[in-house]
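Right, one structure below, let's go through it.
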Amino acid sequence: MDNIYLPQKVKITKIDEQSSTVKLFRFSPIEPSAFKKNDNDLVFNPGQFVLVGEIGYGEAPFGPLSSPYEAEYMEIAVRKAGAVTNYLHSLKNGDEITMRGPYGNGFPLDFIQGKDMVMITGGCGIPPIAALVEYVIKNREKFGRIYVLYGARTPDEILLKEKIEEWKNFGIKSIITIDKPAPGWTGPVGFVSDLVKEIEIDEANAVATMCGPGPMMDALEKILRPLGISDRRIFVSMERKMQCGVGKCQHCVTGDKYVCMDGPVFYYDEIEKNHD
Ligand SMILES: Cc1cc2nc3c(=O)[nH]c(=O)nc-3n(C[C@H](O)[C@H](O)[C@H](O)COP(=O)(O)OP(=O)(O)OC[C@H]3O[C@@H](n4cnc5c(N)ncnc54)[C@H](O)[C@@H]3O)c2cc1C
Ligand code: FES
């Protein structure tokens with residue numbers, strides 16, 4: 001499929017319950033050429049989004065979490081929120097849905113090369129970070145030290161546990177913290193911002209990427225200021241209600257920006273300006 005504006009039919013090949021409210025869906029193209037690669041040999045740039053749904057039920061944006069090099073399938077994690085996401089949660093293996101995209105800018109892959117990286121995420125914000133980790137793994141020699149700081153409310157709400165475990169084999173240091181002590185949990189407890197002492201980077205040659213709920217902006221301040229990473233080296237992925245995905249409906253406007261066209265990834269100082 002060459003035209004990213006047209007919805008294409010894809011078939012669900014795997015559904016994995018990640019938590020009581022989040023399911024991971026893997027889907028594959030029905031037409032052999034459906035997942036076309038871009039000039040970087042990627043099906044999407046980590047941080048871009050696709051619109052997934054079904055005719056008659058609507059569409060919603062999701063950040064793919066699978067390797068961007070993978071053309072046989074794509075994976076998304078869907079948290080139940082409203083009409084479309086509840087519909088997706090009702091589906092089973094073999095069902096067909098529609099997908100269009102990828103849209104948006106994604107993380108700046110050229111700029112981040114050769115650098116140490118701190119990735120900060122929380123809640124259901126991990127998909128684009130996971131895709132970025134997969135990209136880093138494939139190009140491991142081009143990156144320095146990589147940290148993933150991930151905040152979840154409870155151990156049950158930690159998503160992509162198996163993938164996070166695999167990332168260790170590639171020198172990706174993931175540190176997960178939960179909000180309150182929980183039975184059987186021996187890891188860190190508290191805010192993601194408390195994890196700053198665990199990080200050792202070359203501040204002159206480091207970048208940060210972030211995707212998570214609004215309150216995590218505070219965590220950014222508390223982590224990235226002490227680490228000395230400047231605003232133009234901090235890339236934040238924003239979520240906004242979307243409809244068209246292509247700059248026509250104005251649903252996603254924030255400040256003077258369209259999240260679908262100008263983002264969803266912004267410099268940190270752009271976010272401050274556009275934060276509402
Ligand atoms: C770029 C981008 C990437 C995203 N990636 C993921 C992802 O990987 N996994 C995931 O589960 N969700 C993701 N989301 C959020 C997801 O798109 C929404 O939860 C979904 O659109 C809700 O659709 P719905 O029809 O089920 O709910 P609706 O019936 O449209 O709304 C249900 C409730 O959710 C609110 N809502 C809807 N969309 C958003 C939004 N984008 N931000 C804040 N509140 C919203 C509505 O105001 C309403 O209160 C992403 C959003 C964006 C913009
Ligand atoms: S989603 Fe329609 S303008 Fe951005």
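Numbering of ligands and ligand atoms starts at 1, following listing order. Heavy-atom basis, side chains included; hydrogens, waters and symmetry copies ignored.
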query: For Tyr73, does its backbone N or O pair with a side-chain atom of Ser28 as donor and acceptor, under 3.5 Å?
result: no
query: Side chains of Gln250 and Tyr258: do they bring a donor and an acceptor to under 3.5 Å?
result: yes
- prompt: Checking Asp269 side chain against Asp231 main chain: does a donor-acceptor pair fall under 3.5 Å?
  reply: no
- prompt: Just to confirm, does any protein heavy atom lie below 4.0 Å from atom 35 (C) of ligand 1?
  reply: no
task: Can you pull out the closest protein heavy atom to atom 1 (S) of ligand 2? Residue, atom name and distance to 0.1 Å, please.
output: Gly245 N, 3.2 Å
query: Just wondering, is there an N, O or S atom on Cys252 that's nearer than 2.8 Å to atom 4 (Fe) of ligand 2?
result: yes
Ser237 side chain vs Gly47 backbone, donor-acceptor pair below 3.5 Å: no
field: Ligand-side contact atoms (ligand 2) for residue partner Tyr258, heavy atom cut-off under 4.0 Å
entry: 3 (S)
message: So does Asn205 get a backbone contact from the side chain of Lys115, meaning a donor-acceptor N/O pair under 3.5 Å?
response: no
Element-labelled atoms of ligand 1 that are located less than 4.0 Å from some non-hydrogen atom of Pro127: 8 (O)
query: So, Asp262 and Lys257, do they make that salt bridge, N to O below 4.0 Å?
result: no
field: Least distance between heavy atoms, Ala208 atom then Leu224 atom
entry: CB-CD2, 3.6 Å
message: Considering non-hydrogen atoms of the protein only, which is the closest contact for atom 26 (O) of ligand 1, and what is the distance?
response: Thr85 OG1, 2.5 Å
field: Under-4.0 Å heavy-atom contact between protein and atom 49 (O) of ligand 1
entry: no
- prompt: Is there a donor-acceptor pair closer than 3.5 Å between any side-chain N or O of Asp116 and the backbone N or O of Asp202?
  reply: yes
query: Can you tell me if an N/O/S atom from Cys260 lies under 2.8 Å from atom 4 (Fe) of ligand 2?
result: yes
- prompt: N/O to N/O below 3.5 Å, does that happen between Val78 and ligand 1?
  reply: no
message: Could you tell me if Glu141 and Asn139 have a donor-acceptor pair between their side chains, going purely by distance under 3.5 Å?
response: no
- prompt: Lys248 heavy atoms, cut-off 4.0 Å: which ligand 2 atoms fall inside?
  reply: 3 (S)
- prompt: Between Arg140 and Phe170, is there a donor-acceptor pair closer than 3.5 Å when you use the side chain of the first and the backbone of the second?
  reply: yes
statement: Cys249 heavy atoms within 4.0 Å reach ligand 2 at atoms 1 (S), 2 (Fe), 3 (S)
statement: For atom 3 (S) of ligand 2, the closest protein heavy atom turns out to be Gln250 N, 3.2 Å
query: Of the protein's non-hydrogen atoms, which lies at the shortest distance from atom 47 (O) of ligand 1, and what is that distance?
result: Lys241 CD, 4.0 Å
- line: When distances are taken from atom 19 (O) of ligand 1, the protein heavy atom at minimum range is Ala81 CB, 3.8 Å
message: For Met261, which part has a heavy atom under 4.0 Å from ligand 2: side chain, backbone, both, or neither?
response: neither
query: N/O/S atom of Cys244 under 2.8 Å from atom 2 (Fe) of ligand 2, yes or no?
result: yes
field: Closest candidate by heavy atom, reference atom 13 (C) of ligand 1, pool Pro61, Cys124, Ala83, Gly104
entry: Pro61
- line: If you scan protein heavy atoms around atom 25 (O) of ligand 1, the nearest is Val84 N, 2.9 Å
task: Please state whether the rings of Phe111 and Phe235 are parallel, tilted or perpendicular, taking 30° and 60° as the class boundaries.
output: perpendicular
query: atom 53 (C) of ligand 1: which protein heavy atom is closest, and how many Å away?
result: Arg240 O, 3.1 Å
query: Salt bridge between Glu75 and Lys163, side-chain N to carboxylate O under 4.0 Å?
result: yes
task: Would you verify that at least one protein heavy atom lies under 4.0 Å from atom 45 (C) of ligand 1, or report that none does?
output: no
query: Hey, is Arg26 close enough to Glu70 for a salt bridge, meaning N to O under 4.0 Å?
result: no
field: Those atoms of ligand 1 less than 4.0 Å from some heavy atom in Ala60
entry: 20 (C), 21 (O), 23 (O)
statement: Ranked by distance from atom 5 (N) of ligand 1, the top protein heavy atom is Gly63 N, 3.2 Å
message: I need the atoms of ligand 2 closer than 4.0 Å to a non-hydrogen atom of Gln243, numbered in the order shown.
response: 1 (S)
- prompt: Is it the case that Lys173 places NZ or CZ above or below the six-membered ring of Tyr147, under 6.0 angstrom from the centre and within 45 degrees of the axis?
  reply: no
query: What do you reckon, does Met238 have a nitrogen or oxygen under 3.5 Å from a nitrogen or oxygen of ligand 1?
result: no
Closest protein heavy atom (residue, atom, distance) for atom 9 (N) of ligand 1: Ala77 O, 2.7 Å
query: Atom OG in Ser193, atom CG in Leu195: separation rounded to 0.5 Å?
result: 7.5 Å
Glu162 side, atom CD; Leu24 side, atom CG - distance, nearest 0.5 Å: 10.0 Å
- line: Closest to atom 11 (O) of ligand 1 among protein heavy atoms sits Arg79 N, 2.8 Å
task: Go through ligand 2 atom by atom and flag the ones less than 4.0 Å from a non-hydrogen atom of Gly247.
output: 3 (S)
